[in-house]
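Quick notes on the structure that follows.
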Amino acid sequence: MLLTIRELTKTFPGTVALENVQFDLKAGEVHALLGENGAGKSTLIKCLTGVHARDKGEIRLDGAPISPDSTLAAQALGIGTVYQEVNLLPNLTVAENLTFGRQPTRWGMVSGRRMRAEAQEMLAGYGLDHVNVGAELGSYPVAVQQIVAIARAVALSGKVLILDEPTASLDARETETLFEVVRNLRARGLGIIFISHFLDQVFDVTDRLTVLRNGRHIVTAETAVMNRVDLIHHMLGHDLAEVEGRRQSREPGAERLHFSGFGRRGKVEPFDLTIREGEVTGLAGLLGSGRTETADVLFGRTPADRGAARDASGPVDLKSPRAAIAQGFGYAPEDRKTDGIVAELSIRENIALALQARRGWSRPIPRHEQKALANMYIKRLDIRTSDAEKAVGDLSGGNQQKVVLARWLAMNPRFLILDEPTRGIDVGAHAEILRLIGELTDQGMSILMISSELDELIAASDRVIVVRDRRHVSELVGADIETGTIINAIAAHEAEGATA
Amino acid sequence: MNARVLPLYATIAIFLVAYLICYLQFPAMLSTRVIANLLTDNAYLGIVAVGMTVVIISGGIDLSVGSVIAFSGVFIAVLLRDTGLHPLIVFALLLSVTTAFGAAMGGLIHGLAMPPFIVTLAGMFLARGAAYMLTIDSVPITHPFYDMLQDAYYRMPGGGRLRLIGVLMLLTVGAGMILAHRTRFGTAVFALGGGSQTARLMGADVGRTTVLIYAFSGFMAGLSGIVFSIYTGSGYPLATVGTELIAIATVVIGGTILTGGSGYVFGTLIGVLTMGLIQTYIVFDGTLSSWWTKIVIGLLLLLFILLQKGLLILGQRQRRSTA
């Protein structure tokens, strides 16, 4: 065994990122590491490459225990990493990137000729013969840069190669070129850890796979014997046999918004979507399938470049978030910390933010009104805090989410988009958020909810849209909304394959 | 073709066109006298701009150099006046002081993770203050060795006098070109400008490189101070106010991108000469106010900033279409 990880545990304040995780890597295999956001994949990689120090557990490379304390140390031990964002310097030449720090010199001066020859040698066998190593790296497409990064990592490290979402910005042909490289390296005896949310690619190129969920090891198996439906079961989890509190099926509400042929090139294929009054529409799909992209397009964060939106009174302009807000839209994004809250500001200021933006900054909301507003929502949403002046960054995840919700509720939106509203919050707060979503729709609000947790989607949604490969593939209502149907829709493998 | 070279070509083209226009109006502008004076008059600026080029390529800025030049002049003048030290020893002392000063700023920038702007701004006040501490008057330099340095020249065909300091400036540019474009250190400077986080991941010693970059700039400012003292024959604490900004302007006009990661030391030389050319033109014309220099420099800077932005957008489009 080239690499063995045993009982790896890593906790961050408030969350257990990894708990007793095990992982093995053989020489000459490609091993997929799978899991949704927050499953612990990146924490595992960071422990392995010395970015994080582990709390507990053991990592052995070639049988010897290792504890790298930096990426460079891990590199020196033989563990090289290539990230989705190419970690090379686009402003240097290909040759400089490949030989960086060890350029051949003569009397203190870099010998360009020898450096280029050396670089050429390093690139041999990667199918990059057309690349001029004397040209700037940035002048080549990402796919070439990616392979150059791999060549550098292999030359420097040469035992374990970690590919973290290497294909995320490549097209099908480039991906195939990359896989050729991966297969060649496997034949040379490298151990390769392959992280990707494209399941087709996992089945295409990997020998074994390991699934993590909520920081725990779920399964390790030969890729060839794993079937797609089971794999998705492992990734999304289905621990509850009976979903509690399934929404009562009701008469479909009146049409509120209709999107026809709505989409954006490179983000999400055109889709038709009807949003009804008092309904929760769930968006189900794997990470990277086009869920968040759909929300971004609906809210004008990445404005649609095709299709039209209209409501009962006519066309609806959604070319920017500002326009969407003016239309009575609200959006609580997936990444609460960077896109949702302003951590340094108080609860009161966070709640008043969107309302103030709509009023215009020349007409400040009086402080006592802000205070009344904040106190009202603190009470209504049961935000656990000593008072309204506490900085939002000091609250727990669930309470932060409630503040984000309160901000939008203060605007009294007709259509609210919630991307992973329960991510990273504890079980109690989880139930409260779901209850709140139910209440809001009872009052007539329309909600679009994105979630990786099928149980949650099933419990809360009146209809479920399944997204796959950036396309809306099916719409389920009523009794069809159940785990099996959704997973089958996600797993259905079309002959034409992925269009990433 | 590599889009990053375009600003350099543009600089060279503008310089040649400008020179042609000058020549058509005043044929005497092509004489070796004018060319020699162009080098002599801008020698101190050229030297300090070489240091600034390296700093800017690394993604930094050094606002202290103008003050350091003034400090150098005063330091030399006062030491020569009050001690019996030979000028060469004074030069050596001065260069160690300014190099150490630059290194200290580099150390602070890296160690405290402070923006170079604010650290070198503090350095600017510090050096200017130190110059005032030494004297508040203009101190003339009278030393036989200085007379020799000032009188050393090579008579070019046509009567132009290529003076020592002009030659020194050209040598400095040559050394700067080798350092920036032909050494591991130079590659590390470009790497830092391309992204210090990535550079660190690739194994660059960011701390050492940062210290060396500002030490180099400090050394160049000291050298420029020596040249300035030879040029003016005195030391004055109020001299070269704002020279750091002129140096930055010449670097940008020379095709170096202010955000770092791309640039040419040779381009900086052309930038300095372009600026000198404008001044010469104003002298030849005789009716224009010297403020026109500033106006033309301002316009040129604007032009180059627009050019760089345009190239950036062009490059992104190209990449998108090939990707």
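Residue numbers begin at 1 in each chain, while the letters A, B, ... track the order of the sequences.
Other residues, nucleotides and ligands contribute over 12 non-hydrogen atoms within 6.0 Å of the CZ atom of A/Arg306. Atom CD of A/Glu121 has 12 or fewer heavy atoms from other residues, nucleotides or ligands within 6.0 Å. B/Arg182 CZ: 12 or fewer foreign heavy atoms inside a 6.0 Å radius.
For the set A/Gln103, A/Arg102, A/Met109, the count of heavy-atom pairs under 4.5 angstrom toward chain B peaks at A/Gln103. Residue with the most contacts toward chain A among B/Thr183, B/Thr198, B/Ile178, B/Leu179: B/Thr198 (heavy-atom pairs, distance under 4.5 Å). Your options are A/Thr81, A/Thr93, A/Asn97, A/Leu156, and the one with the most heavy-atom pairs under 4.5 Å with chain B is A/Asn97. The greatest number of non-hydrogen atom pairs below 4.5 Å with chain B, out of A/Thr71, A/Val144, A/Asn87, is found for A/Asn87.
The main-chain N or O of A/Val110 is never found under 3.5 Å from a side-chain atom of B/Arg184 such that the two would form a donor-acceptor pair. In terms of modelled atom types and a separation under 3.5 Å, the side chain of A/Asn91 and the main chain of B/Gly261 share a donor-acceptor contact.
Contact check for A/Phe100 versus B/Thr187: side-chain heavy atoms found under the 4.5 Å cut-off.
The two atoms that bring A/Leu89 and B/Met202 nearest to each other are CD1-SD, 3.8 Å, heavy atoms only. Among all heavy-atom pairs drawn from B/Phe190 and A/Leu92, the shortest one is CB-CD2, 3.4 Å.
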